[in-house]
Amino acid sequence: MFALVDCNNFYVSCERIFQPRLEGRPVVVLSNNDGCIVSRSEEAKELGIKMGTPYFKAKPLLDAHDARVFSSNYALYGDISRRVMSYLAEVAPEVEVYSIDEAFLDLTGMEQWLEHNRSSLTEYGRRLKQEIKQWIHVPICMGIAPTKTLAKLANRIAKKDPMHHGVLHLDSDARCRWALEQVGVEDVWGIGRQYAPMLQQHGIATAADLARVSDVWARRHLGGVVGLRIVRELQGVPCLEMIPPDGGAQPRHSVAYTRTFGQPLAAYPDILSAVATFTTRVAEKLRRQGCAANMLTVFISKSRYGPAPPPYTYSNTLSLPVATRDTAELLRYARVALKQLWQPGTSYKKAGVILTGLEPGGLAQLNLFVDSPHAEQRAQLMAELDKLNTRYGAGTVGFAVELADKNGCKGAWAGKKEMRTPAYTTSLPEVWRINIDGLLLG
DNA sequence: TCTGGGGTCCTAGGACCC
DNA sequence: TCTGGGGTCCTAGGACCC
């Protein structure tokens, strides 16, 4: 048996931990740059606000209902997520952290053990739900079923129908069949924007309909083995296994840092400053992964929403002679790549730096290949930079090319973040101070 | 005026090898 | 006149997830 634990309206729930008076009110959290709505409280959903709606479109409705709106506060959400995941690691035999707000549990063997103790998986799920709420103040739901895809499906039903009190265990074939009838095909894990309309045109409306298609049909219409796995999983045949915490020791394939600018930018120094800053950020990520990269992509994009026709994005990929994790070296390549892309008189709205061809690479490998007597010192320099920036905050020490002009001006590209709450749990200056009878508590 | 960010996997097709 | 078979590696593109 697999369980899927999913935090309800996660970002909104994180904000409510520190502002309990927001309970019962419509609340939304915005994406980077205060662009789109990416988390909604139940009250906001009831207003008809859809996931991913641009904020400016929903603002009149939100204002009319006195809704609270927050910029995203990833330091906070990341920390709350870690608390939930470490709780799960203590109460479940095996945990796979699937996203910031979801985890799969492998409950093999649990059922017999619980029955032996006159309990059940449903009771177990309810206990987890109650304890996570009480200790971390985050509401969750849980679906339990013989496959991951069915656990996702059960979770969806548990979330929608209050009858289940947030926990649904599909403990028999009959219950699985019943559950499949409840869920539209568009809500099946793995069926997205493209496949859903196609399936509906073929008369496949529910998850139950999808579970009945033939293997050949699934392969032909749903992207080969991927579709086949979805169908089998719905039929109760496990095709997806738990992924161990180290990802099976598989290194990642890419790291990226991309951002929409706060305003359109045309001047080369402004765009160079952005691309340089993104390069240093992505290089930091790369070193945190313990990798080196042998390809670097820079892209810059025009607005997708203006009168201009596509293409909107211009990108340039360089193959590096030797894999590297040195910020200064990556900056040199990024500059070259950008120079070939930028067109005078054009306004750009977004840029990004993507590193691919990642290989596990530390100091030893650099020494082996780089014909430089300074390789070891350079690696040490990067380590010191990372140490300083971790301790005193990102960007404390950087490279001059990140600045847009000689006056040290930086950040014409910086996005909006006008409604961000404090990093209550991860930044000392932002920790609450409570003054009780003249006694200051940090 | 204002429209996010960062990943994954799979397939098909081309270049190349013996 | 008749022109094989079996691989690998890489990339682009298309789908998906949160």
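Bear in mind the structure is a predicted one, so any value in this text is a computation, not a measurement. Within every chain, numbering begins at 1; the chains are lettered A, B, ... in the order of the sequence lines, protein sequences first and strands thereafter. Just the heavy atoms: all of them, side chains too, but no hydrogens, waters or symmetry mates, feed the values below.
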Asker: I need the CZ-P distance between A:F261 and B:dG4, as an integer number of Å.
Answerer: 13 Å
Asker: When you measure from the centre of the six-membered ring of A:Y257, is the NZ or CZ of A:K285 closer than 6.0 Å and no more than 45° off the axis?
Answerer: no
Asker: Report yes if at least one side-chain N or O of A:S303 is closer than 4.0 Å to OP1 or OP2 of B:dT3; otherwise report no.
Answerer: no
Asker: What is the distance from OH of A:Y77 to C1' of B:dG4, rounded to the nearest Å?
Answerer: 13 Å
Asker: Could you give the NZ-to-P distance, from A:K148 to B:dC9, as a whole number of Å?
Answerer: 12 Å
Asker: Taking CE from A:M198 and P from C:dG14, how many angstroms apart are they, rounded to a whole number?
Answerer: 16 Å
Asker: With nearest nucleotides of DNA chain B determined for A:V225 and A:S31 from heavy-atom distances, which residue corresponds to the more 5′ nucleotide?
Answerer: A:S31
Asker: Name the stems that DNA chain B belongs to, where each is three or more consecutive Watson-Crick or G-U pairs with both distances under 3.5 Å?
Answerer: B:5-18 with C:5-18
Asker: Looking at A:K57, does any N or O in its side chain come under 4.0 Å of the phosphate oxygens OP1/OP2 on B:dT1?
Answerer: no
Asker: Whole-Å distance between B:dG7 P and A:L355 CG?
Answerer: 10 Å
Asker: In whole Å, what is the span from the CG atom of A:L222 to the C1' atom of C:dC16?
Answerer: 12 Å
Asker: Would you indicate which nucleotide in C:dC18, B:dG4, B:dG7 comes nearest to any side-chain atom of A:Y98?
Answerer: C:dC18
Asker: Given B:dG6, B:dT3, B:dC10, identify the nucleotide with an atom nearest to the side chain of A:F56.
Answerer: B:dT3
Asker: What is the nucleic acid contact for A:K350, judged by heavy atoms within less than 4.0 Å: base, sugar-phosphate only, or nothing?
Answerer: sugar-phosphate
Asker: Hey, are A:D6 and A:K152 close enough for a salt bridge, meaning a charged N less than 4.0 Å from a carboxylate O?
Answerer: no
Asker: Compare the ring of A:Y55 with the six-membered ring in the base of B:dC2 and state whether they stack (centres under 5.5 Å, planes under 30°).
Answerer: no
Asker: Between B:dT3 and C:dC18, how far apart are the P atoms? Round to whole Å, please.
Answerer: 25 Å
Asker: Rounded to the nearest 0.5 Å, how far apart are OG of A:S41 and CG of A:N9?
Answerer: 6.5 Å
Asker: B:dG4, OP1 or OP2 - any side-chain N/O from A:R304 closer than 4.0 Å?
Answerer: yes
Asker: Ignoring backbone atoms, test whether A:R193 places a side-chain nitrogen or oxygen under 4.0 Å from the OP1 or OP2 oxygen of C:dC17.
Answerer: no
Asker: Less than 4.0 angstrom from a charged side-chain N to a carboxylate O is my criterion; do A:E102 and A:K159 meet it?
Answerer: no
Asker: Between B:dT3, B:dT8, C:dC18, which nucleotide has the shortest distance from any of its atoms to the side chain of A:W189?
Answerer: C:dC18
Asker: Check this one for me: any side-chain N or O of A:S99 less than 4.0 Å away from OP1 or OP2 of C:dC17?
Answerer: no
Asker: NA contact type, A:I191, heavy-atom cut-off 4.0 Å: base, sugar-phosphate, or nothing?
Answerer: sugar-phosphate
Asker: Any base atoms under 4.0 Å from A:R229, or only sugar-phosphate, or nothing? Heavy atoms, all strands.
Answerer: sugar-phosphate
Asker: Using a strict 4.0 Å threshold on nitrogen-to-oxygen distance, state whether A:D79 and A:R83 make a salt bridge.
Answerer: yes
Asker: Reckon A:H253 has a side-chain N or O less than 4.0 Å from the OP1 or OP2 of B:dG6?
Answerer: no
Asker: Would you please classify the geometry between the A:W178 ring and the A:H164 ring as parallel, tilted or perpendicular, with 30° and 60° separating the classes?
Answerer: perpendicular
Asker: Whole angstrom is fine here: how far is it from CD in A:E359 over to P in C:dC10?
Answerer: 12 Å
Asker: Please classify the nucleic acid contact of A:D34 as base, sugar-phosphate, or nothing, using heavy-atom distances under 4.0 Å.
Answerer: nothing
Asker: Rounding to an integer number of Å, can you tell me how far A:I100 CD1 sits from C:dC17 P?
Answerer: 19 Å
Asker: Might you confirm whether atom NZ of A:K339 has over 12 heavy atoms from other residues, nucleotides or ligands at distances under 6.0 Å?
Answerer: no
Asker: Should we say atom CZ of A:R335 is surrounded by more than 12 heavy atoms from elsewhere, each under 6.0 Å from it?
Answerer: no
Asker: Distance check: side-chain N/O of A:T260 vs OP1/OP2 of B:dG5, anything under 4.0 Å?
Answerer: yes
Asker: OP1 or OP2 of B:dG7 less than 4.0 angstrom from a side-chain nitrogen or oxygen of A:K285, does that happen here?
Answerer: yes
Asker: Hey, does A:E102 reach any base, or is it just sugar-phosphate, or nothing, if we go heavy atoms under 4.0 Å?
Answerer: sugar-phosphate
Asker: A:D101 side chain: which of B:dG6, B:dC2, C:dC18 is closest?
Answerer: C:dC18
Asker: Is A:Q340 atom CD crowded by more than 12 heavy atoms from other residues, nucleotides or ligands, each under 6.0 Å away?
Answerer: yes
Asker: At under 4.0 Å, does any side-chain N or O of A:K152 touch on OP1 or OP2 of C:dC17?
Answerer: no
Asker: Pick base, sugar-phosphate or nothing for A:Y195, based on heavy-atom distances below 4.0 Å to the nucleic acid.
Answerer: sugar-phosphate
Asker: Quick one: on DNA chain B, does A:C36 or A:Y257 contact a more 5' nucleotide (nearest heavy atom)?
Answerer: A:C36
Asker: Within a 6.0 Å radius of atom CD on A:E241, are there more than 12 heavy atoms belonging to other residues, nucleotides or ligands?
Answerer: no
Asker: Under 4.0 Å, heavy atoms only, any strand: does A:T53 hit a base, just the sugar-phosphate, or nothing?
Answerer: nothing
